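Worksheet for the structure shown next.
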Amino acid sequence: MTKQDGQTGPLGGVGGLQMAFPLRRPVAFTADRFITSPSNAAARAWLSRKAWPDGRLWLWGPAGTGKTHLLSVWAQEYDATVLDARLFSHSSSGGRIRVQGNLAIDNADSPGDEATLLHLLNDALAQGDRVLMVGRLPPSRSHFALADLASRLRATATTATGEPEDDLRATLLLSLLAHRQLVVSQSVTDWLWRHLPRTGSALVSAVERLDDAALARGTAITRALAREMLPDLLMSEHSGE
């Protein structure tokens, strides 16, 4: 498609201005919605394996690079129970979480209770179940107070996702807008693509903030709105106006 200034940009966007919808759909972390690229190829290869050393794998990487999406897809494929480690808590009565079957644990590098995570790993090993853990940092760079847990995790196989390549960034930006049912002029999406930082987290944050602002004001997403809402994210505009 052609941009409003007559030039073709990297983001084959939809012409016209966006309309913000008050009802938003929950994020659908399905296999068909995941965007494959070289930056997540190693992680996908590990997740496709039928077995991991000791049945455990730790997936780490920057925010916005698809880790939770990959965890959800794996959990669906292998019928795993999904848990958020930040919600783990110590029970004074001695009760604890017990799970039968495979486990997918998000935010494993910041558990609310380390003993709960250690017990889950011990149970899974004894039962012959698999455990996929996701965090922003690898175990070697995460702090765990329990020596047994730290030792167990540092002996766990790891894989990582990287920051998105340019082609993936372009596709991810359009995908984030489409998921929120936002129709933005191609000149604006191209401009955002050029001026936002080259990280997945920046794209996610920018789209969330622009959507919230446009919805609250009942206006379209424009360059002016982006300049107002994203001053900490936007890079220099000396070129590409």
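The structure displayed is predicted, hence computed values, not measured ones. The chain is numbered in sequence order, starting from 1.
Side-chain contact between L153 and F144 is present, with at least one heavy-atom pair separated by less than 4.5 Å. Using a 4.5 Å heavy-atom cutoff, the side chains of D79 and N102 are not in contact. Side chains of E208 and R180 form a contact here, defined as non-hydrogen atoms less than 4.5 Å apart. Considering only heavy atoms from C-beta on, I105 comes within 4.5 Å of V131 through its side chain. Under the 4.5 Å side-chain criterion, counting only non-hydrogen atoms from C-beta, S110 is not in contact with R136. Under the 4.5 Å side-chain criterion, counting only non-hydrogen atoms from C-beta, T116 is not in contact with S89. Taking the side chain as every heavy atom from C-beta outward, V184 and L210 never approach each other to under 4.5 Å. Side-chain atoms of T199 and P62, non-hydrogen and from C-beta on, never get closer than 4.5 Å to each other.
The two residues S175 and I35 have their closest heavy-atom pair at CB-CD1, 4.0 Å. Contact record, A157 with P53: CB-CD, 4.2 Å, taken as the closest heavy-atom pair. In terms of heavy atoms, W58 sits closest to P138 at NE1-CA, 3.7 Å. Closest heavy-atom contact between V99 and Q127: O-NE2, 3.3 Å. Across every non-hydrogen atom of G162 and T65, the tightest pair is O-CG2, 3.3 Å. Among all heavy-atom pairs drawn from A226 and L192, the shortest one is CB-CD2, 4.0 Å.
Take R56 and apply the side chain to side chain donor-acceptor pair (under 3.5 Å) test, not counting sequence neighbours, and it matches T156. Here S205 pairs with R209 under the side chain to side chain donor-acceptor pair (under 3.5 Å) rule; sequence neighbours left out. In this structure R152 satisfies the side chain to side chain donor-acceptor pair (under 3.5 Å) test together with N122, sequence neighbours excluded. Residues satisfying the side-chain contact (heavy atoms from CB on, under 4.5 Å) criterion with A31, sequence neighbours excluded, are V73. Residues satisfying the salt bridge (charged side-chain N to carboxylate O under 4.0 Å, His left out) criterion with D123, sequence neighbours excluded, are R96. Listed by chain and number, the residues in a side chain to side chain donor-acceptor pair (under 3.5 Å) with T159 amount to none (sequence neighbours excluded). Partners of R217 according to the salt bridge (charged side-chain N to carboxylate O under 4.0 Å, His left out) rule, which considers only residues two or more places apart in sequence or in another chain, are E228. Partners of D84 according to the salt bridge (charged side-chain N to carboxylate O under 4.0 Å, His left out) rule, which considers only residues two or more places apart in sequence or in another chain, are R86. Take R154 and apply the salt bridge (charged side-chain N to carboxylate O under 4.0 Å, His left out) test, not counting sequence neighbours, and it matches no residue.
Note that the CG atom of D109 and the NE2 atom of H143 stand 12.5 Å from one another [nearest 0.5 Å]. To the nearest 0.5 Å, atoms OG (S185) and CZ (R223) are separated by 7.5 Å. Here I221 contributes atom CD1 and D211 contributes atom CG; the two are 6.0 Å apart, rounded to the nearest 0.5 Å. For the atom pair L196 CG and L230 CG, the distance stands at 6.5 Å (nearest 0.5 Å).
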### Query
Would H179 and V207 count as a side-chain contact (heavy atoms from CB on, under 4.5 Å) if you check the C-alpha gap in whole Å, the side-chain angles of each, and the deciding distance to 0.1 Å?
CA-CA 10 Å; H179 175 71; V207 171; over 6 Å; no

### Message
Is there a side-chain contact (heavy atoms from CB on, under 4.5 Å) between W191 and L234? Walk through the geometry before answering.
### Response
CA-CA 10 Å; W191 180 84; L234 293 173; 3.7 Å; yes

### Check against side-chain contact (heavy atoms from CB on, under 4.5 Å), L146 and L117
CA-CA 10 Å; L146 289 180; L117 179 55; over 6 Å; no

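By the 4.5 Å side-chain criterion applied to Ile, Leu, Val, Met, Phe, Trp and Tyr, L125 is assigned to no cluster and stands alone. Under a 4.5 Å side-chain heavy-atom criterion applied to ILVMFWY residues, the cluster that includes Y78 comprises F34, W46, L47, W52, L57, L59, L70, L71, W74, V82, L132, V134 as well.
Counting only residues at least two apart or on different chains, the salt bridge (charged side-chain N to carboxylate O under 4.0 Å, His left out) pairs with a member in residues 155-167 are D166-R169, D166-R198.
Without hydrogens or angle criteria, S151 side chain to A147 main chain gives no donor-acceptor distance under 3.5 Å. In terms of modelled atom types and a separation under 3.5 Å, the side chain of E114 and the main chain of A145 share a donor-acceptor contact. With hydrogens and angles disregarded, a donor-acceptor distance shorter than 3.5 Å links the side chain of K67 to the backbone of G61.
In the hydrophobic clustering of this structure, L137 does not group with L121; members are Ile, Leu, Val, Met, Phe, Trp, Tyr whose side-chain heavy atoms approach within less than 4.5 Å, directly or through other members.
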